[in-house]
K.L.:
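Quick one: this structure, given as structure tokens, is what I'll be asking you about.
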Amino acid sequence: MIGRHPGSLLKELDLDKKQFLELVGLAAELKLARREGTERPRLTGKNIALVFEKNSTRTRCAFEVAAHDQGAHVSYLGPEGSHLGREESVRDTARVLGRMYDGIEFRGFRQDSVEELADYAGVPVWNGLTESWHPTQMLADILTMHELHDGPIEEISFCFLGDGHNNVARSLLITGALLGMDVRIAAPVELQPPADVVAQAHRLAETSGARILVTDDAERAVRGAEFVYTDVWVSMGEPAEQWRRRISLLLPYRVTAELMEATGCRSMFLHCLPSLHDRRTELGAELHDQFGLDGIEVTNEVFESERSVVFDQAENRMHTIKAVLVAALAG
Ligand code: CP
Ligand code: NVA
């Protein structure tokens with residue numbers, strides 16, 4: 001990986017296109033080997049710290065299973081229970097963990113924290129999501145699209161709708177631009193990706209040949225898109241008071257059967273998860289009672305439809321994270 005820290009993955013642009021696709025290719029090989037029972041542990045004796053300032057299901061489990069499959073050990077440090085943040089700084093924590101572990105996963109509030117961790121740890125650090133980027137999610141998303149698209153990556157078109165300002169939307173824009181894909185982001189102006197991220201995507205597109213569209217016109221954005229992608233409308237760490245404003249702004253970007261129809265093709269549905277697609281969660285039930293919506297960013301009809309590939313995508317978190325660990329740590 002080409003960033004300042006060998007073996008680390010702090011953001012998508014720590015990788016060039018070739019390296020990105022090599023990791024996706026390695027993940028596909030590891031996935032097949034696991035299925036066929038021929039996986040060979042290449043991380044025996046390695047120790048990996050998993051540091052989470054926020055909750056997680058997929059990212060944590062993907063790191064744990066990937067590490068175990070490869071013969072490594074993990075320690076989980078959750079939002080409660082370590083000194084990080086309150087009694088001990090990021091740089092001190094980094095220097096302690098770096099003496100004991102071969103690599104560190106970090107999910108935190110700020111991108112600065114994961115960068116500082118990597119500056120001080122002296123071992124590879126992998127960003128498991130910050131407010132800015134979600135790079136390990138991108139590897140899984142590209143593997144998923146690649147598996148489902150019959151042809152080169154550059155031919156793939158996808159459209160993200162919803163909170164275009166959030167980590168997943170930014171990462172998708174930059175990843176699509178890096179890989180030369182057809183990327184569309186549909187969001188109200190107030191929730192579009194930051195101008196510097198859009199400018200960076202356009203710069204990448206000049207060499208990669210990517211087609212970039214950032215618009216507030218949802219129907220235009222989805223036309224011809226092979227994949228329709230959404231994420232929660234209020235991300236972890238954002239105040240719950242945001243829900244009212246977000247719902248009023250984002251309803252036209254909700255993924256419904258009509259919107260899937262507006263693609264004009266047999267598009268597939270992606271979501272990084274977790275998703276508020278029904279009333280089976282506490283939050284989903286509360287939002288239903290408050291705003292009368294059954295399912296928020298996507299309807300249950302689309303989420304449960306045969307066009308939805310969200311659980312393939314979730315499984316691919318594990319195979320792609322395993323590729324990151326093997327690429328960084330295997331001898
Ligand atoms: N998609 C994702 O990162 O899920 P978790 O929050 O469960 O890790
Ligand atoms: N945008 C979401 C992604 C969760 C995987 C969040 O940051 O909460």
Side-chain angles (χ1 to χ4, degrees), residues 9-12 27 48 50-67 74 76-79 105-111 113-114 126-145 160-175 185-187 191-194 197 227 229-243 246-247 249-250 253-255 269-277 281-284 287 296-298 303 308-322 324-325:
L9 180 58
L10 307 182
K11 56 188 186 307
E12 292 72 18
I48 295 169
L50 307 176
V51 184
F52 284 81
E53 290 182 337
K54 297 174 177 176
N55 292 339
S56 169
T57 299
R58 277 144 292 273
T59 308
R60 175 185 176 178
C61 296
F63 269 96
E64 293 211 8
V65 174
V74 299
Y76 171 72
L77 285 75
E105 179 278 351
F106 179 80
R107 166 171 289 194
F109 290 95
R110 299 176 36 194
Q111 183 69 17
S113 301
V114 76
W126 308 292
N127 177 357
L129 177 148
T130 61
E131 89 288 21
S132 304
W133 309 113
H134 198 0
T136 63
Q137 179 73 50
M138 294 306 110
L139 292 165
D141 296 349
I142 297 301
L143 174 60
T144 309
M145 290 191 240
F160 177 92
L161 299 108
D163 178 10
H165 195 265
N166 80 12
N167 39 20
V168 170
R170 294 178 199 200
S171 284
L172 283 168
L173 179 56
I174 291 298
T175 300
I185 307 283
L191 292 173
Q192 288 180 356
V197 175
F227 295 92
Y229 195 131
T230 192
D231 183 14
V232 288
W233 287 352
V234 175
S235 284
M236 288 183 280
E238 293 192 303
E241 295 75 56
Q242 287 282 358
W243 275 110
R246 292 283 166 87
I247 286 174
L249 283 172
L250 289 173
Y253 304 88
R254 187 178 195 218
V255 180
F269 174 68
L270 295 167
H271 193 310
C272 53
L273 305 180
S275 168
L276 293 171
H277 59 92
T281 59
E282 272 174 38
L283 184 55
L287 293 171
I296 306 293
E297 71 276 3
V298 57
F303 188 91
S308 173
V309 292
V310 298
F311 297 109
D312 297 315
Q313 192 184 356
E315 178 191 329
N316 281 340
R317 296 296 310 285
M318 198 280 284
H319 305 298
T320 44
I321 280 171
K322 190 183 283 176
V324 170
L325 298 181

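Start at 1 and go down the list; that is how both ligands and their atoms are numbered.
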K.L.:
What is the distance from atom CH2 of Trp243 to atom CG of Leu287, rounded to the nearest 0.5 Å?
P.N.:
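These two atoms lie 5.0 Å from each other.
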K.L.:
N/O to N/O below 3.5 Å, does that happen between Pro274 and ligand 1?
P.N.:
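Min N/O separation from ligand 1 is not below 3.5 Å for Pro274.
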K.L.:
Less than 4.5 Å apart, side chain to side chain, heavy atoms only: is that true for Tyr253 and Leu191?
P.N.:
no
K.L.:
Considering only heavy atoms of Thr57, which atoms of ligand 1 have at least one such atom less than 4.0 Å away?
P.N.:
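Those atoms are 5 (P), 7 (O), 8 (O).
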K.L.:
Strictly under 4.0 Å, does any heavy atom of Leu273 approach an atom of ligand 2?
P.N.:
yes
K.L.:
What part of Asp163, side chain, backbone, both or neither, has a heavy atom within less than 4.0 angstrom of ligand 2?
P.N.:
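Within the 4.0 Å criterion, Asp163 makes no contact with ligand 2.
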K.L.:
May I ask whether Arg317 has any heavy atom positioned less than 4.0 angstrom from an atom of ligand 1?
P.N.:
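Checking ligand 1 against Arg317, which is what was asked, there is a heavy-atom contact under 4.0 Å.
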K.L.:
Should Arg58 be counted as touching ligand 1, given the test is an N or O pair under 3.5 Å?
P.N.:
yes
K.L.:
Classify the ring geometry between Tyr229 and Phe160 as parallel (under 30°), tilted (30 to 60°) or perpendicular (over 60°).
P.N.:
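It falls in the tilted class, 30° to 60°.
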K.L.:
Would you mind listing which atoms of ligand 1 come within a distance below 4.0 Å of any non-hydrogen atom of Leu273?
P.N.:
1 (N), 2 (C), 4 (O)
K.L.:
Should Lys54 be counted as touching ligand 2, given the test is an N or O pair under 3.5 Å?
P.N.:
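No: no nitrogen or oxygen of Lys54 is under 3.5 Å from one in ligand 2.
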K.L.:
Return the residue, atom name and 0.1 Å-rounded distance of the protein heavy atom closest to atom 7 (O) of ligand 2.
P.N.:
Asn167 ND2, 2.9 Å
K.L.:
Among all protein heavy atoms in this structure, tell me which lies nearest to atom 8 (O) of ligand 2, with the distance rounded to 0.1 Å.
P.N.:
Met236 N, 2.8 Å
K.L.:
Which atoms of ligand 2 are found less than 4.0 Å from any heavy atom of Asn166?
P.N.:
1 (N)
K.L.:
Indicate yes or no: at least one non-hydrogen side-chain atom of Glu297 is less than 4.5 angstrom from one of Val232.
P.N.:
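A side-chain contact exists here, since the closest heavy-atom pair is under 4.5 Å.
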K.L.:
Give me the residue, atom name and distance of the protein heavy atom closest to atom 4 (C) of ligand 2.
P.N.:
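The closest one turns out to be Leu129 CD1, 3.8 Å.
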K.L.:
Regarding ligand 2, does His134 bring an N or O atom to under 3.5 Å of one of the ligand's N or O atoms?
P.N.:
no
K.L.:
Contact between Asn167 and Asp231 at the side-chain level, heavy atoms closer than 4.5 Å - yes or no?
P.N.:
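Result yes, sub-4.5 Å side-chain heavy-atom pair found.
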K.L.:
Is it the case that Arg60 places NZ or CZ above or below the six-membered ring of Phe52, under 6.0 angstrom from the centre and within 45 degrees of the axis?
P.N.:
no
K.L.:
Which atom names give the shortest non-hydrogen contact between His271 and Val298, and what distance separates them?
P.N.:
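Scanning both residues completely, I find the closest heavy atoms to be CD2-CG1, 4.4 Å.
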K.L.:
For Glu315, run the side-chain hydrogen bond (donor to acceptor under 3.5 Å, both in side chains) check against Arg317, His319, Gln313 and tell me which one passes.
P.N.:
His319
K.L.:
Measure the shortest side-chain to side-chain distance between His134 and Arg107 over non-hydrogen atoms and say whether it is less than 4.5 angstrom.
P.N.:
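Side chain of His134 against side chain of Arg107, heavy atoms only: contact under 4.5 Å found.
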K.L.:
At less than 4.0 angstrom from any non-hydrogen atom of Arg107, what atoms of ligand 1 do you find?
P.N.:
2 (C), 3 (O), 5 (P), 6 (O), 8 (O)
K.L.:
Does the pair Thr59 and Glu105 meet the rule for a side-chain contact (heavy atoms from CB on, under 4.5 Å), with working shown?
P.N.:
CA-CA 9 Å; Thr59 308; Glu105 179 278 351; 3.8 Å; yes
K.L.:
Please list the nearest protein heavy atom to atom 3 (C) of ligand 2 with its residue and the distance rounded to 0.1 Å.
P.N.:
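Nearest protein contact, heavy atoms only, for atom 3 (C) of ligand 2 is Asp231 OD2, 3.5 Å.
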